[in-house]
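Computation of the quantities below employed the complete heavy-atom set of this structure, encompassing side-chain atoms and omitting hydrogens, waters and symmetry-equivalent molecules.
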2 protein chains.
Amino acid sequence: MNLPDARQDVLRARLERGQTVELAFLAEEFGVSVDTVRRDLKLLEMQGVARCVRGGAMPVARPALQRMAEGDARYESIAACALSLIEDGMVLFLDGGSTVLALAQALPPLPNALAVTPAPAVALACLAAGVPTHLVGGRLSALGAVCVGHGTVSALSDLTADLAFLGVCGLEETFGLSADDPDEAFVKRAMAQASGRTIALTSAPKLGRKARHRVLPLKDLDMLITDAPPRATRPFTTKGLEVRHA
Amino acid sequence: MNLPDARQDVLRARLERGQTVELAFLAEEFGVSVDTVRRDLKLLEMQGVARCVRGGAMPVARPALQRMAEGDARYESIAACALSLIEDGMVLFLDGGSTVLALAQALPPLPNALAVTPAPAVALACLAAGVPTHLVGGRLSALGAVCVGHGTVSALSDLTADLAFLGVCGLEETFGLSADDPDEAFVKRAMAQASGRTIALTSAPKLGRKARHRVLPLKDLDMLITDAPPRATRPFTTKGLEVRHA
DNA sequence: CAACATCATGCAACATCCTGCAAGAATATG
DNA sequence: CATATTCTTGCAGGATGTTGCATGATGTTG
């Protein structure tokens with residue numbers, strides 16, 4: 001348990017859960033000096049997971065609600081690439097998350113298409129774009145601001161779509177696509193299983209990461225759209241996954 | 001949890017939600033001296049988030065909020081009046097519409113309550129306020145950005161709540177409460193029928209209006225909260241409706 | 001006006017941060 | 001197998017940030 005990677009995994013998990021971590025307390029818990037923990041946190045800060053403050057670190061990925069408002073240029077290129085797959089008349093599953101939200105905001109009017117999503121923010125963006133929208137209800141998860149629960153999953157299972165666009169918490173060569181929240185994982189899986197093609201949208205930092213809960217094995221994924229360089233997607237292309245670089 | 005930045009984040013969040021904070025109480029809560037909290041608030045005052053006053057600090061209305069305040073100042077007073085009916089542990093039905101949205105944004109954290117709503121914007125506001133939220137899904141109506149349809153109505157009918165807060169398109173002495181969209185009318189009616197008390201929130205211009213579709217007769221309404229002057233609500237009070245003026 | 005609470009300032013004690021460095025462990029290389 | 005390299009860790013130091021307290025000033029209340 002005293003390997004750097006193990007410590008950093010624990011820290012990453014807590015931070016992504018929205019917890020703030022305290023330096024002195026962590027040093028005690030891990031049985032290492034505060035310097036070591038400080039270095040761990042600085043590393044996570046480089047990766048954009050933590051925000052180092054005096055005495056510890058705070059999560060940078062605060063509830064998806066706040067990230068939403070900012071809007072990120074990184075995601076726009078991914079969204080633009082995904083748009084080329086969409087035609088009017090299709091039924092689209094749209095997951096939650098900031099990358100998929102960027103896609104929803106970039107949608108052109110599609111009067112004959114139907115967007116189906118468990119994410120309220122995505123639903124509003126689709127409606128504003130001029131796409132008929134069906135919002136799948138349920139309990140709202142605090143982490144991702146997405147509807148989850150049995151009702152959500154079962155409602156999704158009763159639908160069928162041409163394309164499913166999934167946000168990604170982690171995508172790893174052997175572990176496949178994974179999510180931080182178990183309930184959100186079930187929702188993602190239901191969308192993947194009920195759609196003709198499943199497309200993952202993800203920014204570079206998520207590649208090679210394993211989030212806590214497995215959603216899909218890699219072979220059930222039809223396409224990956226990312227802004228990562230080709231070298232980072234090599235493990236996936238060699239396994240037969242189609243990758244598009246934004 | 002005693003890092004300076006963490007404290008300031010908490011304070012910032014409360015102030016941005018319109019709460020006023022009290023010095024002595026905060027010192028107790030954080031386990032630090034009042035001097036420290038005073039310094040925190042002074043820092044936030046430099047950043048334009050707080051306005052220090054004797055004994056604590058008050059939220060400062062920022063330009064973005066002020067713009068909203070021009071159109072919505074009246075909604076805020078209605079929301080404040082509605083808040084007095086709400087207690088932690090209740091189940092609340094929240095309709096769509098800007099008045100109800102203002103109420104959702106004004107909610108304090110209610111960890112044991114449950115907010116149930118067919119409106120995605122309201123759901124996000126409740127979640128951000130720290131209230132567990134259930135979003136009732138369905139087709140998104142283009143008019144009001146509210147979920148409508150048979151699934152929505154039937155899901156609402158299977159629930160029960162203590163209070164239902166309904167937005168109003170029209171409220172007239174004989175015609176009762178009415179809505180512009182037929183589908184939205186069914187949703188409003190379902191919420192009214194499944195809740196203990198039904199409360200209409202409405203600004204002055206809606207009084208005396210008949211919208212296209214009837215939702216409820218006046219007698220099925222338990223309370224009206226409005227910013228209209230007493231003279232405008234005379235026809236309703238004489239019919240036995242309880243009216244509160246914001 | 002008197003009693004009291006709150007505020008601003010300065011200060012000393014303390015905690016934390018950064019940098020550099022050396023010892024140990026793991027891995028690579030000849 | 002021996003040696004070199006890299007990585008990780010803990011520690012020492014000086015710099016900087018933070019905290020609580022004391023002091024006098026200012027505001028509030030009866």
Item to check | Cationic N near anionic O, under 4.0 Å, E29(A) to R14(A) | outcome: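 Salt bridge between E29(A) and R14(A), a charged N being under 4.0 Å from a carboxylate O: yes.
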Would you mind reading off the distance between [X] atom [atom1] and [N] atom [atom2], rounded to a whole angstrom?
| X | N | atom1 | atom2 | result |
| --- | --- | --- | --- | --- |
| L26(A) | dT9(D) | CG | P | 14 Å |
| D35(A) | dG14(D) | CG | C1' | 15 Å |
| L43(B) | dA8(C) | CG | C1' | 16 Å |
| E22(B) | dC7(C) | CD | C1' | 16 Å |
| N2(B) | dA15(C) | CG | C1' | 13 Å |
| F25(B) | dT6(C) | CZ | P | 15 Å |
| R54(A) | dC18(C) | CZ | C1' | 11 Å |
| D40(B) | dG17(D) | CG | C1' | 13 Å |

Next on the checklist: Taking donor-acceptor contacts at under 3.5 Å, does the side chain of R38(B) reach the base of dA8(C)?
Outcome noted: no
Next on the checklist: Using a distance-only criterion (donor-acceptor N/O pair, under 3.5 Å, no hydrogens), is the base of dG17(D) paired with the side chain of R39(B)?
Outcome noted: no
Checklist entry - What nucleic acid atoms does V32(B) come within less than 4.0 Å of, heavy atoms only: base, sugar-phosphate, or nothing? => result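 If one applies the 4.0 Å heavy-atom cut-off, V32(B) turns out to touch the sugar-phosphate alone, with no base involved.
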Checklist entry - Counting any heavy atom closer than 4.0 Å, what does V37(A) reach on the DNA or RNA strands: base, sugar-phosphate only, or nothing? => result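 No contact.
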[X] vs [Y] side-chain heavy atoms within contact, under 4.5 Å:
| X | Y | answer |
| --- | --- | --- |
| N2(B) | R7(B) | yes |
| L241(A) | M223(A) | no |
| D35(A) | R39(A) | yes |
| L207(B) | F236(B) | yes |

Item to check | For A57(B) against L15(B), the heavy-atom pair lying closest together | outcome: O-CD2, 4.2 Å
Item to check | Residue pair L92(B), D162(B): steps toward the side chain to side chain contact (heavy atoms under 4.5 Å, CB included) verdict | outcome: CA-CA 6 Å; L92(B) 309 171; D162(B) 300 297; 5.6 Å; no
Next on the checklist: Both G56(B) and L23(A) contact DNA chain C. Taking the nearest nucleotide for each, which residue is further toward the 5' end?
Outcome noted: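 Looking at the nearest nucleotide for each, G56(B) comes out on the 5' side.
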Checklist entry - According to a strict under-4.0 Å criterion, is K42(A) in side-chain N/O contact with OP1 or OP2 of dC17(C)? => result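 No, because none of the side-chain N or O atoms of K42(A) sits under 4.0 Å from OP1 or OP2 of dC17(C).
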Checklist entry - Can you check whether S33(B) has a side-chain N or O nearer than 4.0 Å to OP1 or OP2 of dT19(D)? => result no
Checklist outcome for this item: Computed from five pairs at either end and rounded to 10 degrees, the angle between the axes of the helix from dC1(C)-dG30(D) to dG30(C)-dC1(D) is 30°
